[in-house]
Amino acid sequence: VPLQAPGGGLVQPGGSLRLSCEPSGFTFDFHAIGWFRQLPGRQREAVACISSSDSRTKYADSVKGRFTISRDNAKNTLYLQMNRLKPEDTAVYYCVYDSRSNICGEYYYRATKYDTWGQGTQLTVSS
């Protein structure tokens, strides 16, 4: 699996969780990386993206102010800090990687932008 992203689980509403993602066999220092999620019965949707060139970030409106995406190139790791979690955040979360670009850009939300996807990790927000 090229992208390893363990760390999901069960969290109570209002709680926090941090997801991490590490590539296997390559580094993503110079490329845009991010997170998508798939809610039950829905299509995959973009959560956040972070560029490599200047670490600029993009967020879906539904998570702005609650989620923070970050990267540690020295550790070759991507993070998603999720705070004030809501039941509607329940989804399978995917780490994604764009080997063709170092920026997120205005089309960061398009699934076709990313050519490498992790297996996905389940997050359930419930009391």
Side-chain angles (χ1 to χ4, degrees):
V1 177
L3 294 172
Q4 309 273 356
L10 174 64
V11 180
Q12 290 190 338
S16 298
L17 188 71
R18 187 176 78 164
L19 299 180
S20 62
C21 175
E22 297 182 21
S24 176
F26 64 98
T27 62
F28 47 46
D29 300 33
F30 304 107
H31 298 97
I33 48 179
W35 296 92
F36 269 64
R37 68 185 182 183
Q38 186 165 20
L39 281 64
R42 303 272 295 275
Q43 290 189 337
R44 292 181 184 184
E45 62 182 31
V47 175
C49 179
I50 183 166
S51 301
S52 69
S53 54
D54 53 10
S55 291
R56 286 191 179 184
T57 56
K58 299 276 191 180
Y59 293 96
D61 288 343
S62 58
V63 306
K64 278 180 184 176
R66 299 188 299 121
F67 290 12
T68 302
I69 187 172
S70 61
R71 61 194 298 162
D72 185 334
N73 287 342
K75 294 183 179 179
N76 203 28
T77 303
L78 171 70
Y79 301 101
L80 183 68
Q81 177 66 44
M82 303 181 289
N83 298 328
R84 304 202 311 273
L85 283 162
K86 305 175 181 180
E88 51 263 43
D89 294 317
T90 294
V92 177
Y93 285 74
Y94 298 89
C95 174
V96 296
Y97 165 75
D98 180 0
S99 69
R100 297 160 293 192
S101 175
N102 63 353
I103 63 171
C104 297
E106 60 181 305
Y107 299 116
Y108 79 97
Y109 58 88
R110 290 183 176 175
T112 52
K113 170 180 169 61
Y114 307 94
D115 51 355
T116 304
W117 290 66
Q119 278 186 315
T121 187
Q122 175 70 47
L123 167 67
T124 301
V125 183
S126 175
S127 55

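- Between the side chain of Arg56 and the backbone N or O of Ser52 there is no donor-acceptor pair closer than 3.5 Å.
- With hydrogens and angles left out, the side-chain atoms of Asn76 and Thr27 include no donor and acceptor closer than 3.5 Å.
- Using modelled atom types, no side-chain atom of Tyr108 and backbone atom of Ala32 make a donor-acceptor pair closer than 3.5 Å.
- In terms of heavy-atom proximity, Gln38 sits nearest to Arg42 at NE2-O, 3.0 Å.
- Looking at Thr77, its side chain does come within 3.5 Å of a backbone N or O of Lys75 through a donor-acceptor pair.
- Follow the hydrophobic side-chain contacts under 4.5 Å out from Leu39 and you never reach Leu17; the two are in separate clusters.
- Aromatic ring centres of Trp35 and Phe67: separated by at least 6.0 Å.
- For the atom pair Arg44 CZ and Trp117 CH2, the distance stands at 5.0 Å (nearest 0.5 Å).
- Expressed to the nearest 0.5 Å, how far OG1 of Thr112 lies from CG of Asp98 amounts to 9.5 Å.
- Atom CG of Asp89 sits about 12.5 Å away from atom OG of Ser126, to the nearest 0.5 Å.
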- prompt: Should Thr124 and Val11 be marked as a side chain to side chain contact (heavy atoms under 4.5 Å, CB included) after you check the CA-CA gap, both sets of side-chain angles, and the distance that decides it?
  reply: CA-CA 6 Å; Thr124 301; Val11 180; over 6 Å; no
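- Taken from CG in Asn73 to CD1 in Ile33, the straight-line distance is 7.0 Å, to the nearest 0.5 Å.
- In terms of the side-chain hydrogen bond (donor to acceptor under 3.5 Å, both in side chains) criterion, Asp72 has no residue partners (sequence neighbours excluded).
- Taking the ring centre of Tyr79 as origin, the terminal cationic atom of Arg71 falls outside the region bounded by 6.0 Å and 45° from the ring axis.
- The shortest side-chain heavy-atom distance between His31 and Arg100 does not fall under the 4.5 Å cut-off.
- A salt bridge links Lys64 with Asp61: the distance from a Lys NZ or Arg NE/NH1/NH2 to an Asp or Glu carboxylate oxygen falls below 4.0 Å.
- Side-chain contact check for Ser101 versus Lys113: some heavy-atom pair is nearer than 4.5 Å.
- Under the 3.5 Å distance criterion, the side-chain polar atoms of Thr90 are matched with a main-chain donor or acceptor of Val125.
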message: As a quick check of understanding, evaluate ring-ring contact (aromatic ring centres under 6.0 Å, His included) for Tyr114 and Phe36, giving each step before the final call.
response: CA-CA 10 Å; Tyr114 307 94; Phe36 269 64; 5.4 Å; yes
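- Side chain of Thr121 to main chain of Tyr93: no donor-acceptor pair is present (N/O by atom type, distance under 3.5 Å, no hydrogens or angles).
- Looking at heavy atoms from C-beta onward, Leu85 lies in side-chain contact with Leu123 at the 4.5 angstrom threshold.
- Separation of atoms CG (Leu80) and SG (Cys21) is listed at 10.5 Å; rounding is to 0.5 Å.
- Separating the OG atom in Ser99 from the CZ atom in Phe28 is a distance of 13.5 Å, to the nearest 0.5 Å.
- Take Ser55 and apply the side-chain hydrogen bond (donor to acceptor under 3.5 Å, both in side chains) test, not counting sequence neighbours, and it matches no residue.
- Dense packing is recorded around CD of Glu88, with more than 12 heavy atoms of other residues, nucleotides or ligands lying under 6.0 Å away.
- Remark: side-chain polar atoms of Asn102 are not paired, donor with acceptor, to backbone N or O of Phe30 under 3.5 angstrom.
- Contact of the Arg18 side chain with the Met82 side chain is not registered, since no non-hydrogen atoms from C-beta on lie closer than 4.5 Å.
- Side-chain contact between Leu3 and Thr116 is present, with at least one heavy-atom pair separated by less than 4.5 Å.
- A donor-acceptor pair is defined here as one N or O able to donate and one able to accept, closer than 3.5 Å; no such pair exists between the side chain of Arg84 and the backbone of Gly14.
- You'll find the side chain of Pro13 stays beyond 4.5 Å of the side chain of Lys86, heavy atoms only.
- A heavy-atom distance below 4.5 Å is not found between the side chains of Tyr94 and Arg37.
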message: If you apply the rule side chain to side chain contact (heavy atoms under 4.5 Å, CB included), what do you find for Tyr59 with Thr68, and how did you get there?
response: CA-CA 8 Å; Tyr59 293 96; Thr68 302; 3.8 Å; yes
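- Using a 4.5 Å cut-off on side-chain heavy atoms (C-beta onward), Leu78 and Ile69 make contact.
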